[in-house]
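Because the structure is a prediction, the values reported are computed rather than measured. The figures here come from the full heavy-atom set of this structure, side chains too, leaving out hydrogens, waters and symmetry mates.
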Amino acid sequence: MFLSEHTGDDPLFSNQVLLPDKVSERFRSKFICEVHYPSYTKFQKVATIIYSMFNHIRQGGTHRIGIVYLFVLPLSFIFMADSILSYMFPILVEQKLNSNFLLGVIMAASSICGIVCDMVFPQLFKNKTWKFMLLSGIIVAILFPLVLYVSTYVAAVFLFLLASLIWGIYYELLSFAQQSFIVSEEKSQSYSRDWGIVFAATTIATIVGPIISSQLLVYPQLVQTATIVATQIIALLFALLLIFVTPHHVNIVHNASGMHSALNILMELRYWKVISVHILPAILVGILIEFIEATYWTLGGLFGKEVASGTGMEWIVVILYTVPFILGSIIMSKLLVTERKKFFSQLSILIGGLILSLILFSGTNLTALYVIIFLSSFCFSFAAPLNEAVYSDLLNRIGKDKMHLMGMAKANSSLAYIIAPLLMGLVADYVGYHKTFALLGVLCVAVAVFLLYTSPRKLHLPEKEIHGMSNS
């Protein structure tokens, strides 16, 4: 079988060219350029090939995996800026306010704001696409460094609080955009691979960000702000490019009953109550994953200072926790896990928890300590993309009411970031860091064993009841 390529006035396709129908779009474009336009410069040929590939994707071409890689471009830059701010923000707040208590209040405000957004967004933006949420998230994110720049000169608590609230808002918008993109643009059998790609890209950005941030702290505040905003603008440009090359889907408005309905918090809580009973295993895994992450980001630096003091490697605990997530996510991006995603996510938490609990016996043996942290984190790295893939399957089934499920899932993450620093910080004060992380491993084992024994093979949603609530 051969295809006849002809698209009118387009310079790339102004002649008919017979090529095998399964040939790659990049080869097809290159072949046409070489045969019909030998006088093109190398730059013109490359530009023509890129244009053809983007146009092919925009028209719904077969190389859909390319869209995922395009999607992680703006995500990588915006999360790099986010990780720069995550490292810098607590330092600047503590320096200006000189109060750990106020720092804790301001940091907690971001997660509380996130939970509020998770209740409001599903109704306020229920007819919006991932494109709207991605662009909105990046634009709102640009306000964060600008407000922070002003607050460091005024040193007012309410300005730092405002910056923290902005942080919570844009982070939730970006979270909604990720899940909505995967469900809207990808096939269900590719969910685990797609989430592996997303997690790999965002984790790399999360590692690079603090390194850049530590270097920026020696420069004036204006240079810091300009660098962050420039990174965010790059993310915005990549987002606009992504939106341009992806097909436009007509969004059907199911309910346009107005602002009163959109901001009915009690109705949203009713949705969560109905949904949560049926997907408890996915909820518990999601909370536990975020609980582990919040514990490492809260206590990891302090643990590193305790075990590696004076070595110049105080950051080693956080790095040993983070790097395996890149490796695990890359492996997941190469696999197509289409069945038993829930089981494998729970199993990875069980194995990771068993390994982490051994940290109690590492004592002063730093090599053993580092190996335990690395191997346990490597196991945990599979749980996150697999559980997100489980949620993507559920969102694909729930249809037009998917925003309510997204909101509930993201609220669980915010809840973990409120509870973990307070609870694990209190435990660490009493028993020390070794025992705290060992207890975290025991917690993972207990939850994983419970879920492996009690979870149904397939999660079922009460779709008729949910749709009935939407239409009432």
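- In this structure Gln224 satisfies the side-chain hydrogen bond (donor to acceptor under 3.5 Å, both in side chains) test with no other residue, sequence neighbours excluded.
- A distance of 10.0 Å separates CD1 in Ile355 from CG in Leu350, rounded to the nearest 0.5 Å.
- For the pair Leu369 and Ile359, the minimum side-chain heavy-atom distance is below 4.5 Å.
- In this pair, Phe89 and Phe144 present their aromatic rings perpendicular. The plane angle is above 60°, beyond the 30 to 60° band.
- The shortest heavy-atom contact between Ile418 and Ser111 is CG1-CB, 3.4 Å.
- The closest side-chain heavy-atom distance from Cys444 to Leu288 is below 4.5 Å.
- Using a 4.5 Å heavy-atom threshold, the side chains of Leu70 and Phe238 count as separate.
- For Thr367, the side chain to side chain contact (heavy atoms under 4.5 Å, CB included) criterion is met by Asn365, Val371, not counting sequence neighbours.
- Qualifying ring pair (Phe, Tyr, Trp, His ring centres under 6.0 Å) partners for Phe79, counting only residues two or more places apart in sequence or in other chains: Tyr171.
- The shortest distance between side-chain heavy atoms of Leu148 and Phe160 falls below 4.5 Å.
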List the steps, then state whether side-chain contact (heavy atoms from CB on, under 4.5 Å) holds for Phe71 with Ile197.
CA-CA 10 Å; Phe71 181 65; Ile197 295 170; over 6 Å; no

Starting from the C-alpha separation in whole Å, work towards a yes-or-no answer on side-chain contact (heavy atoms from CB on, under 4.5 Å) for Leu451 and Leu284.
CA-CA 9 Å; Leu451 291 176; Leu284 290 178; 3.7 Å; yes

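- Residues satisfying the side-chain hydrogen bond (donor to acceptor under 3.5 Å, both in side chains) criterion with Glu293, sequence neighbours excluded, are Tyr417.
- Across all non-hydrogen atoms, the minimal contact from Ile287 to Ala416 is O-CB, 3.6 Å.
- Residues in residues 324-354 take part in these ring-ring contact (aromatic ring centres under 6.0 Å, His included) pairs, two or more places apart or across chains: Tyr321-Phe325.
- A ring-centre distance under 6.0 Å is found for Phe437 and Tyr296.
- Among residue pairs with one or both ends in residues 343-362, those qualifying as side-chain hydrogen bond (donor to acceptor under 3.5 Å, both in side chains) are Gln346-Ser455; sequence neighbours excluded.
- Looking at Ser213, its side chain never comes within 3.5 Å of a backbone N or O of Gly209 through a donor-acceptor pair.
- Taking Tyr433 as the reference, nothing meets the side-chain hydrogen bond (donor to acceptor under 3.5 Å, both in side chains) condition, with sequence neighbours excluded.
- If you take CD1 on Ile211 and OG on Ser83, they are separated by 9.5 Å, rounding to the nearest 0.5 Å.
- Distance alone, capped at 3.5 Å, is enough to place a donor-acceptor pair between the Thr231 side chain and the Thr227 backbone.
- Under the 4.5 Å side-chain criterion, counting only non-hydrogen atoms from C-beta, Leu242 is in contact with Leu134.
- Nearest heavy-atom pair, Phe77 versus Ala235, reported as atom, atom and distance to 0.1 Å: CB-CB, 3.7 Å.
- Listed here is the closest heavy atom pair of Ala411 and Ile115: O-CG1, 4.0 Å.
- In this structure, the side chain to side chain contact (heavy atoms under 4.5 Å, CB included) partners of Leu146, at least two apart in sequence or on a different chain, are Ile142, Thr225, Val229.
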Go through the steps for Glu172 and Phe121 under the test side-chain contact (heavy atoms from CB on, under 4.5 Å), then give the verdict.
CA-CA 9 Å; Glu172 293 306 313; Phe121 286 176; 4.0 Å; yes

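- Side-chain atoms of Ser151 come within 3.5 Å of backbone N or O of Val147 as a donor-acceptor pair.
- The two residues Lys128 and Met133 come nearest to each other via the heavy atoms O-CE, 4.1 Å.
- Side chains of Pro145 and Gln232 form a contact here, defined as non-hydrogen atoms less than 4.5 Å apart.
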Using residues 373-393 as the side-chain source, report each donor-acceptor pair under 3.5 Å to any protein atom, sequence neighbours left out, with the distance given to one decimal.
{"from": "Ser376", "atom 1": "OG", "to": "Ile372", "atom 2": "O", "distance (Å)": "2.8"}
{"from": "Ser376", "atom 1": "OG", "to": "Ile373", "atom 2": "O", "distance (Å)": "3.1"}
{"from": "Ser377", "atom 1": "OG", "to": "Ile373", "atom 2": "O", "distance (Å)": "2.8"}
{"from": "Ser381", "atom 1": "OG", "to": "Phe378", "atom 2": "O", "distance (Å)": "2.5"}
{"from": "Asn387", "atom 1": "ND2", "to": "Ala282", "atom 2": "O", "distance (Å)": "3.2"}
{"from": "Glu388", "atom 1": "OE1", "to": "Gln179", "atom 2": "NE2", "distance (Å)": "2.8"}
{"from": "Ser392", "atom 1": "OG", "to": "Gln179", "atom 2": "OE1", "distance (Å)": "2.5"}
{"from": "Ser392", "atom 1": "OG", "to": "Trp195", "atom 2": "NE1", "distance (Å)": "2.8"}
{"from": "Ser392", "atom 1": "OG", "to": "Glu388", "atom 2": "O", "distance (Å)": "3.0"}
{"from": "Asp393", "atom 1": "OD2", "to": "Lys341", "atom 2": "NZ", "distance (Å)": "2.9"}

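- Scanning for side chain to side chain contact (heavy atoms under 4.5 Å, CB included) contacts around Ile212 gives Met80, Ile84, Val208, Leu216, with sequence neighbours left out.
- Here the straight-line distance linking atom CG of Leu440 with atom OG1 of Thr295 works out to 5.0 Å at 0.5 Å rounding.
- With values rounded to the nearest 0.5 angstrom, Ile204 atom CD1 is found 4.5 Å from Ile326 atom CD1.
- Leu354 and Val445 get closest at one heavy-atom pair: N-CG2, 3.4 Å.
- For the atom pair CG (Leu356) and CD1 (Ile351), the distance works out to 13.5 Å, reported to the nearest 0.5 Å.
- Not a single side chain to side chain contact (heavy atoms under 4.5 Å, CB included) links Ala108 to another residue, sequence neighbours left out.
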Decide side-chain contact (heavy atoms from CB on, under 4.5 Å) for Lys342 and Val285; before the verdict, give the C-alpha distance in whole Å, the side-chain angles of both, and the deciding distance to 0.1 Å.
CA-CA 9 Å; Lys342 174 168 51 62; Val285 170; over 6 Å; no

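- In this structure, the side chains of Phe181 and Leu75 stay at 4.5 Å or more apart for every pair of heavy atoms.
- Residue pairs meeting the salt bridge (Lys or Arg N to Asp or Glu O under 4.0 Å) criterion with at least one member in residues 442-451: none, sequence neighbours excluded.
- Taking the side chain as every heavy atom from C-beta outward, Val183 and Trp130 never approach each other to under 4.5 Å.
- In this structure, CE in Met424 is found 5.0 Å from CZ in Phe291, a value given to the nearest 0.5 Å.
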